[in-house]
Amino acid sequence: MFGFLKTNHEARRDEVQAEFVARVAAAAQDFVQAAGPDGVGLDYTPGSIHALDAALEAAHVGALALTPMQTVGAAAYLYEVARREHGGLYEVCDDEDPVVLVCGESGAQVCLAAIAKVERRIRYGQAEAIPPYFERFIAALHAGEALTLR
C-alpha cells in the first residue's frame with residue numbers, strides 16, 4: 001500500500017514538473033518572438049546567452065519594449081538554456097523569483113534565480129550583464145558548489 005502511494009506522489013510530482021517545463025518554455029518562446037530582430041541568435045544554446053544579453057541591452061536603452069510578462073519570458077529563456085543543457089527542476093521560491101531552476105546533485109545544487117536578475121539587467125544595463133552570471137552558474141555546477149545565484 002505505501003509503495004502505491006509513493007508511486008502516485010512521484011507521478012504527480014512529474015506531472016507538475018512537466019507543466020512547469022511547458023509553461024516556462026512557452027514564456028521563453030513568447031520572449032523570443034517579442035525580441036524580433038533584437039533576438040537574432042536566440043536558439044536555446046549556451047552561446048545564445050550573448051544574444052539574450054544584447055536583447056536585454058536593447059530593452060535597457062529603450063529600443064525594445066517588453067511587457068512585464070515578456071521580461072519574465074526573458075528569464076524563462078535563460079532558464080530553458082540552462083535546463084536543456086544541464087537538466088534540473090523548476091521550483092517555487094519567493095516573491096523576488098517566484099520560479100527558479102535548480103541543477104546539480106544533492107548537496108551541490110545550484111539555484112538559478114533569473115527573474116530578478118533579468119529585471120535588474122534591463123533597469124541597470126551592463127552592470128548586470130547576463131553572460132558573467134551564466135558563467136558563474138556553469139562554474140558552480142562544474143565545481144560541485146552549492147550556490148544560489150541572484
Side-chain angles (χ1 to χ4, degrees), residues 8-106 108-142 145-150:
N8 277 346
H9 177 70
E10 292 295 321
R12 179 67 184 135
R13 189 174 66 186
D14 290 346
E15 290 172 15
V16 169
Q17 194 58 216
E19 186 174 330
F20 261 110
V21 168
R23 288 182 180 199
V24 172
Q29 190 56 40
D30 286 346
F31 164 72
V32 169
Q33 291 175 349
D38 291 306
V40 170
L42 293 174
D43 61 4
Y44 296 94
T45 62
S48 71
I49 295 303
H50 295 282
L52 170 63
D53 198 58
L56 296 177
E57 177 64 16
H60 170 68
V61 299
L64 174 63
L66 296 175
T67 67
M69 285 307 296
Q70 290 165 338
T71 299
V72 170
Y77 179 86
L78 183 58
Y79 286 147
E80 277 297 285
V81 169
R83 186 189 67 79
R84 292 175 187 195
E85 186 73 15
H86 301 285
L89 297 172
Y90 289 114
E91 295 188 12
V92 175
C93 188
D94 57 28
D95 288 342
E96 190 175 18
D97 286 287
V99 175
V100 297
L101 179 67
V102 179
C103 300
E105 301 298 321
S106 182
Q109 293 179 319
V110 180
C111 175
L112 191 62
I115 296 170
K117 176 64 175 177
V118 164
E119 290 171 347
R120 288 192 313 270
R121 173 62 178 95
I122 293 169
R123 187 175 305 121
Y124 301 119
Q126 282 295 322
E128 293 288 337
I130 299 300
Y133 172 78
F134 194 72
E135 289 167 12
R136 283 196 326 266
F137 165 75
I138 299 299
L141 274 179
H142 288 154
E145 180 181 359
L147 182 66
T148 297
L149 286 171
R150 290 196 180 258

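Numbers here simply count residues along the sequence, with the first being 1.
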Work out which heavy atom in [X] is nearest to a heavy atom in [Y]; give both atom names and the distance.
| X | Y | answer |
| --- | --- | --- |
| Leu147 | Ala140 | CD2-CB, 3.7 Å |
| Ala34 | Leu64 | O-CD1, 3.6 Å |
| Cys103 | Gly88 | SG-CA, 4.0 Å |
| Ala113 | Tyr133 | O-OH, 2.9 Å |
| Arg121 | Glu128 | CD-O, 3.2 Å |
| Gln70 | Leu66 | OE1-CA, 3.4 Å |

Q | Residue pair His86 / Leu141, side-chain heavy-atom distance below 4.5 Å | A |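 The answer is yes; the side chains approach within 4.5 Å.
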Q.
Contact between Asp97 and Lys117 at the side-chain level, heavy atoms closer than 4.5 Å - yes or no?
A. no
In Å and rounded to the nearest 0.5 Å, what is the [atom1] to [atom2] distance from [X] to [Y]?
| X | Y | atom1 | atom2 | value |
| --- | --- | --- | --- | --- |
| Phe20 | Leu89 | CZ | CG | 10.5 Å |
| Ile49 | Leu42 | CD1 | CG | 9.0 Å |
| His50 | Leu52 | NE2 | CG | 10.5 Å |
| Asp14 | Arg12 | CG | CZ | 10.5 Å |
| Leu56 | Glu119 | CG | CD | 11.0 Å |
| Leu112 | Glu91 | CG | CD | 12.5 Å |

**Q.** Arg84 atom CZ, neighbour heavy-atom count above 12 within 6.0 Å
**A.**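 It does: Arg84 CZ has more than 12 such atoms within range.
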Q. Are more than 12 heavy atoms from other residues, nucleotides or ligands located less than 6.0 Å from atom CD of Glu105?
A. no
Q: May I have the step-by-step check of side chain to side chain contact (heavy atoms under 4.5 Å, CB included) for Asp30 and Met69, ending in yes or no?
A: CA-CA 9 Å; Asp30 286 346; Met69 285 307 296; over 6 Å; no
(Q) I'd like to know if the side chain of Asp53 reaches the main chain of Ile130, judged simply by a donor and an acceptor atom lying under 3.5 Å from each other, with no hydrogens or angles considered. (A) yes
Q.
Over 60° means perpendicular and under 30° means parallel, so tell me whether Tyr77 and Tyr44 are parallel, tilted or perpendicular.
A.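 Plane angle between 30° and 60°, so tilted.
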Q.
Exactly one of Val100, Leu101, Thr148, Ile115 should register a side chain to side chain contact (heavy atoms under 4.5 Å, CB included) with Cys93. Which one does?
A.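 So the option named by the test is Val100.
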Q.
With no hydrogens and no angle check, just 3.5 Å: does a side-chain donor-acceptor pair link Tyr90 and Glu19?
A.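 No pair is found: no donor N or O on one side chain lies under 3.5 Å from an acceptor on the other.
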